[in-house]
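So you know, we letter chains A, B, ... as the sequences are listed, proteins then strands, and number each from 1.
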2 protein chains.
Amino acid sequence: MTSQAADGPETVAASRRSKITPEREREFFDAVLEQIRECGYDSVTMDGVAASTRCSKSTLYRQWKTKPQFVAAALRANRRVRFVGIDTGSLAEDLREVARAAGDWSHKDTKTLQALGQAVTSDEELAKALREALVEPEIAALQDILRRGVERGEVPEGHAALDYVPAMMFGVLRVRPVLTGEYADAGYLVRFVEAVVLPALGLT
Amino acid sequence: MTSQAADGPETVAASRRSKITPEREREFFDAVLEQIRECGYDSVTMDGVAASTRCSKSTLYRQWKTKPQFVAAALRANRRVRFVGIDTGSLAEDLREVARAAGDWSHKDTKTLQALGQAVTSDEELAKALREALVEPEIAALQDILRRGVERGEVPEGHAALDYVPAMMFGVLRVRPVLTGEYADAGYLVRFVEAVVLPALGLT
DNA sequence: CTGTACCGGTACTCGGCCGTATCGGTACAG
DNA sequence: CTGTACCGATACGGCCGAGTACCGGTACAG
């Protein structure tokens with residue numbers, strides 16, 4: 001048990017039924033999401049994804065029955081907790097940190113939401129996957145941050161502006177490209193927090 | 001040049017080449033925009049529009065060369081000034097009035113933006129028409145209202161929150177359906193103005 | 001009354017994409 | 001070495017929508 005524990009580069013994959021490794025699956029998911037951000041849901045074709053990943057359309061259809069199910073699976077695999085570890089002990093600083101973090105990946109998520117916002121009206125599973133991947137985790141994390149601020153007494157419980165903070169943040173994030181053509185970066189969002197969110201919460 | 005200007009009810013149509021009256025044209029535009037809001041840009045077909053207006057596809061293609069040009073024409077015809085006549089003399093009341101007005105037609109415009117937000121990436125003319133019809137007039141009207149408030153001295157010129165008011169308002173408007181599934185109504189928007197916008201502007 | 005020009009309807013071509021079927025290659029089991 | 005099962009490639013069927021062509025009806029001009 002000392003010399004035979006070979007955790008080298010060639011990991012043993014003998015137990016897998018499908019020959020698609022998780023890494024390979026990840027390539028499929030990344031490719032389809034990237035193409036969706038690029039051209040929109042309707043313009044993305046299974047042929048295109050297969051070609052760009054140098055796999056066969058058969059391979060995709062062996063794993064996922066339809067295109068929306070494939071995209072939904074990609075969204076679920078992409079789901080992860082946002083704003084994780086943001087807990088500075090100060091609500092104002094937490095919100096600035098959220099703004100900085102959001103500025104980093106806002107391009108991708110905003111594009112994805114924009115591109116899929118239309119498709120979800122015709123596929124409930126896709127809509128659920130989209131909400132669970134890109135909406136609910138972020139809202140929940142933001143509300144956790146606000147809740148901790150209230151518990152520390154920085155903002156009075158039931159403050160009128162509390163309910164609107166998530167909508168404000170994500171609203172500004174999503175609508176910026178429509179208004180100016182540019183995506184919201186960290187600097188813009190931090191200034192927004194300072195100029196609007198903090199004053200509205202009474203944090204000067 | 002004095003008596004021959006016949007502006008009676010039966011307007012002389014001798015000079016019109018097409019037999020499509022402006023009212024009829026309006027029916028086409030209303031139909032296509034309604035179907036776009038309903039099913040999305042890609043799902044709308046020229047056959048569908050022709051059928052729902054009981055005209056022929058040939059008639060549509062005689063007037064407009066392609067589908068995106070047809071939709072762009074519909075958007076341009078739908079362009080009108082928003083928030084017109086809102087000038088109560090008080091910035092706070094003006095903003096509440098904007099919120100009330102926006103609550104009325106926000107459903108339609110939000111749906112239109114959502115449905116076309118994807119299509120505009122592949123057609124520049126469509127993108128321009130969309131901006132000029134649904135974005136720029138509203139932003140300009142809102143900025144006029146803010147400017148008048150500044151000129152009256154209600155808000156100091158260069159106040160940090162001023163730049164973010166349009167993005168906030170339209171952001172909340174557009175993002176509400178994504179977060180909760182409901183469209184923002186007048187009550188929600190007025191409460192948002194009171195809880196966030198006015199405090200951020202220092203209007204208590 | 002006659003001609004013209006547009007409208008509505010329909011049939012058609014063309015291209016694209018979803019999803020399926022088939023076939024050769026190949027990695028691994030025994 | 002042989003069999004099995006999956007992968008990649010390709011071809012195919014079916015469907016649908018953009019845009020075109022044609023044809024009969026009809027309103028209006030002269």
On DNA chain C, compare the nucleotides closest to B:Ala50 and A:Lys67; which residue's is nearer the 5' end?
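Here B:Ala50 is the residue nearer the 5' end.
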Answer yes or no: does a side-chain N or O of [X] lie under 4.0 Å from OP1 or OP2 of [N]?
{"X": "B:Arg24", "N": "C:dG8", "value": "yes"}
{"X": "A:Arg62", "N": "D:dC7", "value": "yes"}
{"X": "A:Thr59", "N": "D:dG8", "value": "yes"}

Nucleotide [N], atom [atom2] - distance to [atom1] of [X] in whole Å:
{"X": "B:Arg54", "N": "D:dG25", "atom1": "CZ", "atom2": "P", "answer": "21 Å"}
{"X": "A:Leu60", "N": "D:dT10", "atom1": "CG", "atom2": "C1'", "answer": "15 Å"}
{"X": "A:Lys57", "N": "D:dT10", "atom1": "NZ", "atom2": "P", "answer": "12 Å"}
{"X": "B:Asp47", "N": "C:dT13", "atom1": "CG", "atom2": "P", "answer": "16 Å"}
{"X": "A:Gln63", "N": "D:dC6", "atom1": "CD", "atom2": "P", "answer": "10 Å"}
{"X": "B:Tyr41", "N": "D:dA18", "atom1": "OH", "atom2": "P", "answer": "8 Å"}
{"X": "B:Phe70", "N": "D:dG19", "atom1": "CZ", "atom2": "C1'", "answer": "14 Å"}
{"X": "B:Tyr61", "N": "C:dG8", "atom1": "OH", "atom2": "C1'", "answer": "16 Å"}

Looking for any heavy atom pair under 4.0 Å, which part of the strands does A:Thr45 touch: base, sugar-phosphate only, or nothing?
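Sugar-phosphate: the residue A:Thr45, judged by heavy atoms under 4.0 Å, touches backbone atoms but no base.
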For the side chain of A:Lys19, starting at C-beta, report the closest nucleotide among C:dC7, D:dA18, D:dC7.
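That would be D:dC7.
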Between C:dC7, C:dG19, C:dG8, spot the one nearest the side chain of B:Ile20, thanks.
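Among C:dC7, C:dG19, C:dG8, the one nearest the side chain of B:Ile20 is C:dC7.
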Taking the six-membered ring of B:Tyr41 as reference, does the cationic atom of B:Lys67 (NZ for Lys, CZ for Arg) lie under 6.0 Å from its centre and within 45° of its axis?
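Positive - B:Lys67 is close enough to the ring of B:Tyr41 and near enough to its axis.
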Report the relative orientation of the aromatic rings in A:Phe70 and A:Phe29; use parallel for angles under 30°, tilted for 30 to 60°, perpendicular for over 60°.
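Correct class here is tilted.
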Is the base of D:dA18 touched by the side chain of B:Thr66 through a donor-acceptor pair closer than 3.5 angstrom?
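Per atom types, no contact qualifies.
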Taking pairing as Watson-Crick or G-U wobble with both contacts under 3.5 Å, can you name the mate of C:dG24, or confirm there isn't one?
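For C:dG24, the partner nucleotide comes out as D:dC7, under the 3.5 Å rule.
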For C:dG30, give the paired nucleotide (Watson-Crick: N1-N3 plus N6-O4 or O6-N4; G-U: N1-O2 and O6-N3; both under 3.5 Å), or none.
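Because both required distances fall under 3.5 Å, C:dG30 counts as paired with D:dC1.
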Measure centre to centre between the rings of B:Trp105 and B:Phe83, then say whether the value is under 6.0 Å.
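Under 6.0 Å, so yes.
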Testing B:Glu25, B:Glu132, B:Glu125 for salt bridge (Lys or Arg N to Asp or Glu O under 4.0 Å) with B:Arg76, which one passes?
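When salt bridge (Lys or Arg N to Asp or Glu O under 4.0 Å) is applied between B:Arg76 and each of B:Glu25, B:Glu132, B:Glu125, only B:Glu125 qualifies.
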To the nearest 0.5 Å, tell me how far B:Arg100 CZ sits from B:Ile86 CD1.
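Separation between the atoms: 9.0 Å.
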